[in-house]
Protein chains: 2
Amino acid sequence: MTRKDQALLHAKAQVLKALGHPTRLFMIQELSKGERCVCGFAEQVGADFSTVSKHLTVLKHAGLVDDEKRGQQVFYRLRVPCVMQFMNCIEAVLKSKAAASADLLR
Amino acid sequence: MTRKDQALLHAKAQVLKALGHPTRLFMIQELSKGERCVCGFAEQVGADFSTVSKHLTVLKHAGLVDDEKRGQQVFYRLRVPCVMQFMNCIEAVLKSKAAASADLLR
DNA sequence: TGCATACTTGGTCAAATTACCAAATAACTG
DNA sequence: CAGTTATTTGGTAATTTGACCAAGTATGCA
């Protein structure tokens, strides 16, 4: 594996890692319905404003969302909507896992 | 959000988190080509045997892979091949991010 | 200008992650 | 059975993560 391959692998993993947190995944799901300001999330997510802001920063650095300041508010939006297509597959993984656990009970 | 929704969100995030490590992502990519024993990975990945084993355990717990012992070797295989479809989208995210960085230079 | 609102940033701390080594287990081999 | 190979498990140390609080910045409004 070349150094370039390694870098690409690392970059891809970073994106997935950014998605790998309940709060951030929730944010992505919400953003798939449309843009949202930080304050909008602060209400829904039961966390500190600063925590919400930091999670959004992680998503931004991963390249998953864009932000735009309008007035006093900062609006975030999903940059690449295709990430939502992951969800079906993830659910398939969970189902397959559940099925395997059920197998153990037989 | 109900407690059940929360649990589902958490479970999904766990799957993504499992994918969010360069070594594990590499393993998944390799497994998409066919099953592989732990020793096969130990060679390719420049890490300790125990480290490799632990990464595979993480993937297994996430429901992403299955293992089967045959003789002295343990073979792992991808349980849900659809995860490979993520890659195109992830690459799109990276490209979009690169494009945004390029914008800054204008 | 001065104060409130909306965020972000920096600091701190506990918990989780990851890597390695050493030791334990399991299955073949002579 | 003794020794070797393949893999997992347990322990430990370094690093990263995630949550909160407090302080800083920026915008809008009286």
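Order of the sequence lines sets the chain letters (A, B, ...), proteins ahead of strands, with each chain counted from 1.
For the pair A:Leu56 and A:Gln72, both in contact range of DNA chain C, the more 5′-proximal nearest nucleotide belongs to A:Gln72. Each of B:Gly40 and A:Gly71 has a nearest nucleotide on DNA chain D; the 5'-most of these lies closest to B:Gly40.
The side chain of B:Lys17 has C:dT17 as its nearest neighbour among D:dT9, D:dA19, C:dT17. Of the candidates D:dG18, C:dT9, D:dT8, D:dG18 carries the atom nearest the A:His55 side chain, counting heavy atoms from C-beta on. Side-chain proximity of B:His21 to D:dT8, C:dA19, C:dT8: nearest is C:dA19. The side chain of B:Val38 sits closest to D:dT8 out of D:dG18, D:dT8, C:dC7. Nearest to the side chain of A:Phe49, among C:dC7, D:dT16, D:dT7, sits C:dC7.
When the P atom of C:dT18 is taken as reference, atom CG of B:Leu25 falls 13 Å away, rounded to whole Å. Atom P of nucleotide D:dG18 and atom CE of A:Met27 are separated by 12 Å, given to the nearest angstrom. Between B:Phe75 atom CZ and D:dT7 atom C1' there is a gap of 12 Å when expressed in whole angstrom units. In this entry the distance linking CD of A:Glu68 with C1' of C:dC7 reads 15 Å, nearest Å. Following rounding to the nearest Å, A:His10 (NE2) and D:dT16 (P) show an atom-to-atom distance of 10 Å. In this structure, the CG atom of B:Asp48 is 15 Å from the P atom of C:dT18, given to the nearest Å. Atom P of nucleotide C:dA6 and atom CZ of A:Phe41 are separated by 16 Å, given to the nearest angstrom. Atom CG of A:Leu19 is separated from atom P of D:dG18 by 12 Å (rounded to the nearest Å).
Neither B:Phe75 nor B:Val80 shares a network with the other; the hydrophobic side chains, linked directly or stepwise wherever heavy atoms of I, L, V, M, F, W or Y lie under 4.5 Å apart, form separate groups for each.
Between A:Asp67 and A:Lys60, at least one side-chain N (NZ, or NE/NH1/NH2) sits under 4.0 Å from a carboxylate O, which counts as a salt bridge.
Not one side-chain nitrogen or oxygen of B:Thr51 sits closer than 4.0 Å to the OP1 or OP2 atom of C:dT18. Phosphate proximity of C:dT8 to A:Ser53: present, with a side-chain N or O under 4.0 Å from OP1 or OP2.
Applying the ring-ring contact (aromatic ring centres under 6.0 Å, His included) test to every pair with at least one member in residues 2-21 of chain B, sequence neighbours left out, gives these pairs: B:His21-B:His55.
With sequence neighbours left out, A:Glu68 forms a side chain to side chain contact (heavy atoms under 4.5 Å, CB included) with A:Arg70, A:Arg77.
B:Leu19 places none of its side-chain heavy atoms less than 4.5 Å from the side chain of A:Lys12. B:Tyr76 has its side chain within reach of B:Val74: a pair of non-hydrogen atoms, C-beta onward, lies under 4.5 Å apart.
Among the atoms of the strands shown, base atoms are found under 4.0 Å from some heavy atom of B:Ser50. No engagement by A:Arg70 is indicated, since no non-hydrogen atom pair under 4.0 Å with the nucleic acid exists. Within 4.0 Å of A:Tyr76, counting heavy atoms only, lie sugar-phosphate atoms of the nucleic acid but no base atom.
The base of D:dG11 sits with one of its N or O atoms less than 3.5 Å from a complementary donor or acceptor on the side chain of B:Lys54.
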